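Some notes on the structure that comes next.
In what follows, every chain begins at residue 1, and chains take the letters A, B, ... in the order their sequences are listed. These numbers come from the heavy atoms of this one structure, side chains and all, not from hydrogens, waters or symmetry mates. Not measured: the values here are computed from a predicted model.
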Amino acid sequence: MGSMIAPVKGTRDFYPEDMFVRSWLYQKIREVSQLFGYLEFDAPFLERIDLYAAKSGEELVREQAFVFQDRGGDAITLRPELTPSLARMIAQRQKQLVFPQRWWSFGPFWRYERPQKGRTREFFQWNVDLLGADSPASDAELLAICASFFKLVGLQADQVQVRVNSRHLMDRVIAEIGIDSQKKQSVFQLIDKRDKLSMDSWHSLAIENDINETQFDLLVKALADKNLWKKSDELVSVFDMLSQMDLAEYVSFDPQVIRGLDYYTGIVFEARDISKDGRAILGGGHYGNLVSDVGGDPLPGVGFAMGDVMMRLVLEKYGCLPEFQNTTASVLVTVFDQELLPKSLQLAGQIRAGGIKCVCMTEVSKLVKQFKYADRIGVPLVIVMGPEEVAKDEVTVKDLVTRSQENVTRENLIDYLAIKLAQSSA
RNA sequence: GUGCCUGUAGCUCAACGGCAGAGCGCCUCACUGUGGCUGAGGAGGCUGAGGGUUCGAAACCGUCCAGGCACCCCA
């Protein structure tokens, strides 16, 4: 045990029960994405570091991306996010694509960060983007996708909420308060930190950032204003459209939502556990210009990304995860003795040919052990074929759930099993 | 990068500086053609590693390793 090589920090082993959850999540994601007419795509997991350096947070990329030199000496990184790759892919075909395009993706990403609750170094992310669209209706569509996803996996509006704000609105608020637009970034960061600090230390931080007392008071007042969104035409229509789609209960206004990304220009949003337990489940927003950095013509859009780590924690907390089955088989064929092993294998083959998932014992042991094994892995039906059955060209089928068993002729077996299984799954 | 917490049986955890234990799980048997339940037995540990203090260390001290949590950041 001591000599076992430890897994890479921040990675996860997906045991069958974990893989089951991952696959289930992927399936739900696909379902919702396709329900809204989106197309699945993917980008390389490896990219040149330059692709990310072109964007705002260069330092962060250098510090928080997995970077290495390939044999040719190029700086390669495991992708820390999808958007730059998406931008390149769109830019390459910008002249031939019909816009708006609706794309989604689910895959692995890597960030060299200190792991903690809801954050690992290797994680999966669902990305959804509506490209070439610039209207409140397109913003509302992405929010509707989030809400529909929550609904589909069984999360309720009193458990998770998508909190929405508008960068335009906040720009205006800051201007009205009389804060220089050059200080916009630092004020945004300040707003972002409101929840983590006490009012006193937040006040001190504000003063440090050259906000005067009058401005501070006005800022506090603005952030406390539940009706602030009414001053934003885009938010008003976004909320109205969500009501039309009957999904408004999942979405609410929150002036404190800012998001770190510089390229967001319109609405920004994030979803989290209503009790603010843990970090954001997903985050996204409207961008005015996705592709010009990588050589395309300006193209607006709206998108979001959801990480699997936080999502799973929330699903677990609210009991939304499906129950894991320790086997995929519906039937287990026992092996009476060494002599009958070939006949058992043949029987299992026939059952599979009939389209029924079946495991045949490969180790010969006492029936007690074989039944116990069947019970442990959760197979509902067990077949015994000993000398008595062989003589009559029958098998014994035992239902482990009802504890009853019946003798069935080989000829009728597939039909019998199919009916049995249809009954128990109903 | 900074700070705090935790490493004991397969798992979850006990043990005042004085014989390392429990529950669950596992194996065997009761049950030589039938699982769960019950009962009776049994296996399983260099207490994360390597040092120091001590008559004596799982416990105390410092080092390393691993994990967790928070800060930072969050593309």
Q: For the residue pair A:F45 and A:W110, categorise the inter-ring angle as parallel (less than 30°), tilted (30 to 60°) or perpendicular (more than 60°).
A: tilted
Q.
With nearest nucleotide decided by heavy atoms, which residue, A:G10 or A:Y264, maps closer to the 5′ end of RNA chain B?
A. A:G10
(Q) Is the distance from the ring center of A:W104 to that of A:F304 below 6.0 Å? (A) no
Q | Closest nucleotide among B:C73, B:A75, B:G3 to the A:R111 side chain | A | B:A75
Q) Under a 3.5 Å cut-off for both distances, is B:C11 Watson-Crick or wobble paired, and to whom? A) B:G23
Q) Can we call the ring centroids of A:F124 and A:F109 under 6.0 Å apart? A) no
Q) Between A:K117 and A:R114, which has a closest nucleotide on RNA chain B that is more 5'? A) A:R114
Q.
So, OP1 or OP2 of B:A70: does either fall under 4.0 Å of a side-chain N or O from A:R119?
A. no
(Q) Quick check on B:G67: is either OP1 or OP2 less than 4.0 Å from any side-chain nitrogen or oxygen of A:K9? (A) yes
Q | Rounded distance (Å) that lies between atom C1' of B:G10 and atom OH of A:Y15 | A | 12 Å
Q) To the nearest Å, how far apart are A:Q64 CD and B:C71 P? A) 14 Å
**Q.** A:Q116 vs B:A70: side-chain N/O to OP1/OP2 distance below 4.0 Å
**A.** yes
Q | Length of the line joining A:M310:CE and B:A75:C1', which is rounded to integer Å | A | 19 Å
(Q) Rounding to an integer number of angstrom, what distance separates B:A30 and B:G35 when you compare their C1' atoms? (A) 16 Å
(Q) When both hydrogen-bonding distances must be under 3.5 Å and the geometry is Watson-Crick or G-U wobble, what is B:A40 paired with, if anything? (A) B:U28
Q) Within a radius of less than 6.0 Å around CZ of A:F20, do more than 12 heavy atoms belonging to other residues, nucleotides or ligands occur? A) yes
Q | A:K193 vs B:C73: side-chain N/O to OP1/OP2 distance below 4.0 Å | A | yes
**Q.** Watson-Crick or G-U wobble partner of B:G1, both distances under 3.5 Å
**A.** B:C71
**Q.** Span that lies between the C1' atom of B:U2 and that of B:C16, in whole angstrom
**A.** 36 Å
Q.
Work out how far the P atom of B:C19 is from that of B:U47, and round it to whole angstrom.
A. 14 Å
Q: Apply the test ring-ring contact (aromatic ring centres under 6.0 Å, His included) to residues A:W103 and A:F41: give CA-CA distance (whole Å), side-chain angles for both, the deciding distance (0.1 Å), then the verdict.
A: CA-CA 7 Å; A:W103 287 15; A:F41 78 103; 4.9 Å; yes
Q | Nucleotide opposite B:U6 in a Watson-Crick or G-U pair, distances under 3.5 Å | A | B:A66
**Q.** Verdict with supporting geometry, A:L321 and A:R312, side chain to side chain contact (heavy atoms under 4.5 Å, CB included)
**A.** CA-CA 8 Å; A:L321 292 179; A:R312 180 178 171 153; 4.3 Å; yes
Q. Expressed as a whole number of Å, how far does the C1' atom of B:C26 sit from that of B:C61?
A. 39 Å
Q) Hey, which of A:R279, A:R121, A:R119, A:K9 is the one that makes salt bridge (charged side-chain N to carboxylate O under 4.0 Å, His left out) with A:E113? A) A:R119
Q: Name the nucleic acid region contacted by A:R259, choosing base, sugar-phosphate or nothing; use a 4.0 angstrom heavy-atom cut-off, strictly under.
A: sugar-phosphate
**Q.** Reading 5' to 3' through nucleotides 29-35 of chain B, protein heavy-atom contacts under 4.0 Å coded B for base, S for sugar-phosphate only, - for none
**A.** S---BBB
**Q.** Candidates A:Y26, A:F106, A:Y38, A:F149 - the one meeting ring-ring contact (aromatic ring centres under 6.0 Å, His included) with A:W126
**A.** A:F149
Q) On a whole-Å scale, what distance lies between the C1' atoms belonging to B:G44 and B:C5? A) 30 Å
Q) If you measure from the C1' atom in B:G21 to the same atom in B:A58, how many Å do you get, rounded? A) 12 Å
Q.
Could you tell me the Watson-Crick or G-U partner of B:C16, where both distances fall under 3.5 Å? Say none if there is no partner.
A. none
